[in-house]
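What follows is a single structure, written as structure tokens, with notes after it.
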Amino acid sequence: MSKASDLKRIEELRSAVRRHDELYYRQAEPEISDFDYDALKRELAELESANPELPLGDSPSLAVGDDRVDGFASYRHLQPMQSLDNTYSQEEFVAFVGRVEKGLEIEGKSARMTVEPKIDGVAVSVTYENGELVRAVTRGNGIEGDDITANVRFIERLPTRLEGTVLPDLIEIRGEIFMHDEEFERLNVERREQGLEEFKNPRNLAAGTVKMLDREEVAKRKLDIVLYGLGECRPVVVSSQSEYRKQLIDWGLPIVERFWEVEGAEAAWAAVEELDEIRQGFAYPTDGAVVKLDSFRQQDLLGATSKAPRWAIAVKYAAEQAETILNSITIQVGRTGALTPVAELEPVQLAGTTVSRATLHNQEEMARKDVRIGDSVMIEKAGEIIPAVVRVLTEKRLEGSEPFVFPETCPACGTPVSKIEGEVAVRCLNIECPDQVRGRLEHYASRQCLDIEGLGEAVVDQLVATGKVSNISDIYRLEFEQLLELEKFAEKSAWNLVAAIEASKGVELWRLLHGLGIPQVGAAAAKDLAKAFGGVKELEGASLEQLIEVDGIGEKTANGIRAYFADEKNKAVLVSLFEAGMNPVAPEKISEAEAIFAGKTFVITGTLPSLKRSEAKAIVESKGGKVAGSVSKKTDFLVAGEAAGSKLAKAESLGVPVIDEARLLEMAGSATSV
Ligand SMILES: NC(=O)c1ccc[n+]([C@@H]2O[C@H](COP(=O)([O-])OP(=O)(O)OC[C@H]3O[C@@H](n4cnc5c(N)ncnc54)[C@H](O)[C@@H]3O)[C@@H](O)[C@H]2O)c1
Ligand SMILES: [Zn+2]
């Protein structure tokens with residue numbers, strides 16, 4: 001029997017993983033590090049396997065994350081693009097090789113394998129027909145991806161024509177697109193000069209760039225590519241991974257610089273370790289080694305699961321660490337009032353960059369580690385986001401050092417700090433605290449929210465410091481003359497900012513909801529809420545039950561929303577915002593006559609012959625219907641495409657009507673409700 005608490009945690013984890021998948025794959029704007037993400041996924045997988053009687057439904061643990069976005073044509077891969085199973089431990093790796101050897105019935109003999117770097121870029125499938133580059137497609141959902149050919153053609157090192165004489169009629173070559181660190185730096189220098197928010201890391205920037213619709217902008221950002229994998233090949237021209245590599249070289253394609261051919265687990269592990277020693281010198285970021293069975297015939301024998309091949313594994317390297325001295329500790333106050341201790345470090349090289357600051361997370365963590373000024377500390381960069389202090393080398397502690405006393409008042413405004421039950425963070429509860437105001441304004445104006453150009457960190461700092469602005473609604477009362485008083489502001493920049501602020505009044509509703517800084521409401525939740533409620537007033541009036549009913553909104557988020565609207569100060573800011581003329585655009589509402597699917601719940605599964613899943617969903621929603629993620633008694637129709645698996649079986653067992661794409665289109669086109 002599964003415990004109710006497990007069930008709840010599973011639900012929570014699934015929705016968190018879905019949200020982070022959306023942020024990472026579609027928006028190329030992850031909120032958490034890969035390390036933290038992997039931890040969520042591991043916990044989910046463990047709970048799911050500990051509770052085998054619970055239905056997996058469409059749990060994100062079963063599928064590869066979907067990167068498809070609007071604006072690109074969809075293309076169906078001839079061979080699926082899968083993910084890879086991964087491990088961090090030698091023990092698990094040895095067990096993997098054991099399974100492989102058993103599966104091949106060569107126990108006692110050693111499997112022949114290849115070891116190569118795992119590139120942390122953006123997966124792509126490039127098709128050549130008779131040697132000509134015809135198409136480049138993202139991984140998408142693994143079955144079909146976005147056609148990004150136009151953008152990929154800008155990559156200099158990718159030949160439009162293959163060299164050599166062995167040219168298959170058609171071949172899908174798999175690889176990763178990435179951006180060199182120097183190019184990343186160059187673009188960020190430009191961004192800083194333009195007062196724009198800086199890009200976070202090269203991987204996200206590469207992912208964002210391949211998905212840009214603005215060709216001119218794509219041309220300005222230099223991307224690179226490396227190729228290593230094989231999809232469809234007609235006719236077959238190679239029979240193993242190692243032969244394939246030689247062929248890639250003959251075709252004049254950029255390949256990984258190191259590659260090992262090994263026999264048995266021990267030799268493979270030695271290569272994995274050797275790779276770890278040298279990978280820092282590679283042009284692209286790497287996060288592991290990929291070990292594959294060399295022979296294609298043996299690969300075919302083992303086959304694949306729905307998500308990953310059984311003949312390969314990624315061995316991930318633990319995040320990199322470095323030792324340095326903690327010079328001092330500063331306390332930052334974020335937009336939510338949370339006090340975050342930051343370590344100011346003796347600069348040290350870590351994962352290819354110089355690090356001089358690292359997060360100490362929160363007071364509790366600091367106390368647990370007993371972090372003191374002057375200590376030698378180990379810092380770690382997990383998933384390329386923010387370096388963190390992971391350990392104090394107490395054996396090296398200098399005599400006379402003293403425990404750090406966490407401030408009892410806010411360093412920005414002097415208000416005594418509070419600790420709320422059940423929270424780790426210590427907070428400043430003064431809503432007028434200048435650091436919070438700054439943080440809220442920066443968030444409000446940022447690209448993921450109202451996207452107000454020209455209202456970056458430097459400008460916000462001055463507006464708050466000079467008292468011109470103390471909450472988000474104040475920016476709508478700024479006058480041209482007041483802006484002229486800002487540093488480096490001339491007439492043109494002042495007018496531009498006035499215009500940008502004015503234009504933001506007509507923003508899409510979800511952007512406003514995100515920008516308000518409601519606890520727990522990120523971009524994805526804001527979109528769900530905008531669709532469900534259509535207005536700020538409606539959202540304000542929603543009960544806890546109504547909020548939880550919305551797809552993608554859990555109890556924690558619902559509570560955050562209720563708390564936000566219950567606060568008098570927030571209410572006042574909202575009133576002031578709307579008085580200033582804020583008029584967000586709600587997602588389109590549909591008339592009753594059009595709402596022929598009103599009250600009906602659809603589930604879509606498998607690959608449809610012509611529509612993307614998102615398109616089928618849009619059709620259902622445009623007619624007032626709902627699309628749910630899993631089949632239950634409440635499902636009215638299952639729309640099933642090719643390779644529909646467990647959901648089809650479930651629908652059939654529950655007697656839910658199963659329809660195909662053609663029938664869906666027919667129903668949507670009819671004038672009477674279903
Ligand atoms: N931070 C977040 O919020 C967030 C969200 C989702 C995913 N992620 C990260 O993305 C990764 C999971 O995504 P995934 O499913 O793409 O798995 P993965 O990146 O761990 O492994 C599979 C992929 O590795 C790539 N690859 C690179 N070098 C390769 C080589 N030599 N041979 C074969 N394949 C190679 C392929 O594109 C393949 O699809 C994890 O690292 C995870 O932490 C992070
Ligand atoms: Zn304060």
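Remember, it's 1-based here, ligands and their atoms both numbered in the order they're listed.
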Under 3.5 Å: N/O of [X] near N/O of ligand 1:
| X | result |
| --- | --- |
| Val290 | no |
| Tyr228 | yes |
| Asn86 | no |
| Lys292 | yes |
| Pro117 | yes |

Ionic contact status for [Y] with [X], cut-off 4.0 Å:
| X | Y | result |
| --- | --- | --- |
| Lys468 | Asp474 | no |
| Lys419 | Glu364 | yes |
| Arg310 | Asp85 | no |
| Arg68 | Asp66 | yes |

Practice task
Could you tell me whether Arg174 approaches ligand 1 through its side chain, its backbone, both or neither, with non-hydrogen atoms closer than 4.0 Å?
Solution key: neither
Handout entry: Part of His20 with heavy atoms under 4.0 Å of ligand 1, whether side chain, backbone, both or neither
Key = both
Is there a donor-acceptor contact under 3.5 Å linking the side chains of [X] and [Y]?
| X | Y | result |
| --- | --- | --- |
| Glu344 | Ser328 | no |
| Arg203 | Tyr24 | yes |
| Arg135 | Thr149 | no |
| Tyr75 | Asp146 | no |
| Gln241 | Glu261 | no |
| Arg279 | Thr286 | yes |
| Glu442 | Ser446 | no |
| Glu172 | Tyr128 | no |

Could a heavy atom of [X] be found less than 4.0 Å from some atom of ligand 1?
| X | answer |
| --- | --- |
| Leu23 | no |
| Lys316 | yes |
| Gln82 | yes |

Would you mind listing which atoms of ligand 1 come within a distance below 4.0 Å of any non-hydrogen atom of [X]?
| X | result |
| --- | --- |
| Glu116 | 30 (C), 31 (N), 32 (N) |
| Lys118 | 18 (P), 19 (O), 20 (O), 21 (O), 24 (O), 27 (C), 28 (N) |
| Ala123 | 37 (O) |
| Asp21 | 6 (C) |

Problem - If only protein N, O or S atoms under 2.8 Å count, total around the Zn ion (ligand 2) - result: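 Under the 2.8 Å cut-off, the count stands at 4.
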Problem - Nearest-option assignment for atom 22 (C) of ligand 1, heavy atoms, candidates Thr286, Asn204, Leu84, Asp287 - result: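 Among Thr286, Asn204, Leu84, Asp287, the closest heavy atom to atom 22 (C) of ligand 1 comes from Leu84.
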Exercise for the section: Mind jotting down which residue pairs meet the salt bridge (Lys or Arg N to Asp or Glu O under 4.0 Å) criterion with at least one end in residues 293-307? Sequence neighbours excluded, please. Expected result: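 Salt bridge (Lys or Arg N to Asp or Glu O under 4.0 Å) check on residues 293-307 returns Arg112-Asp294.
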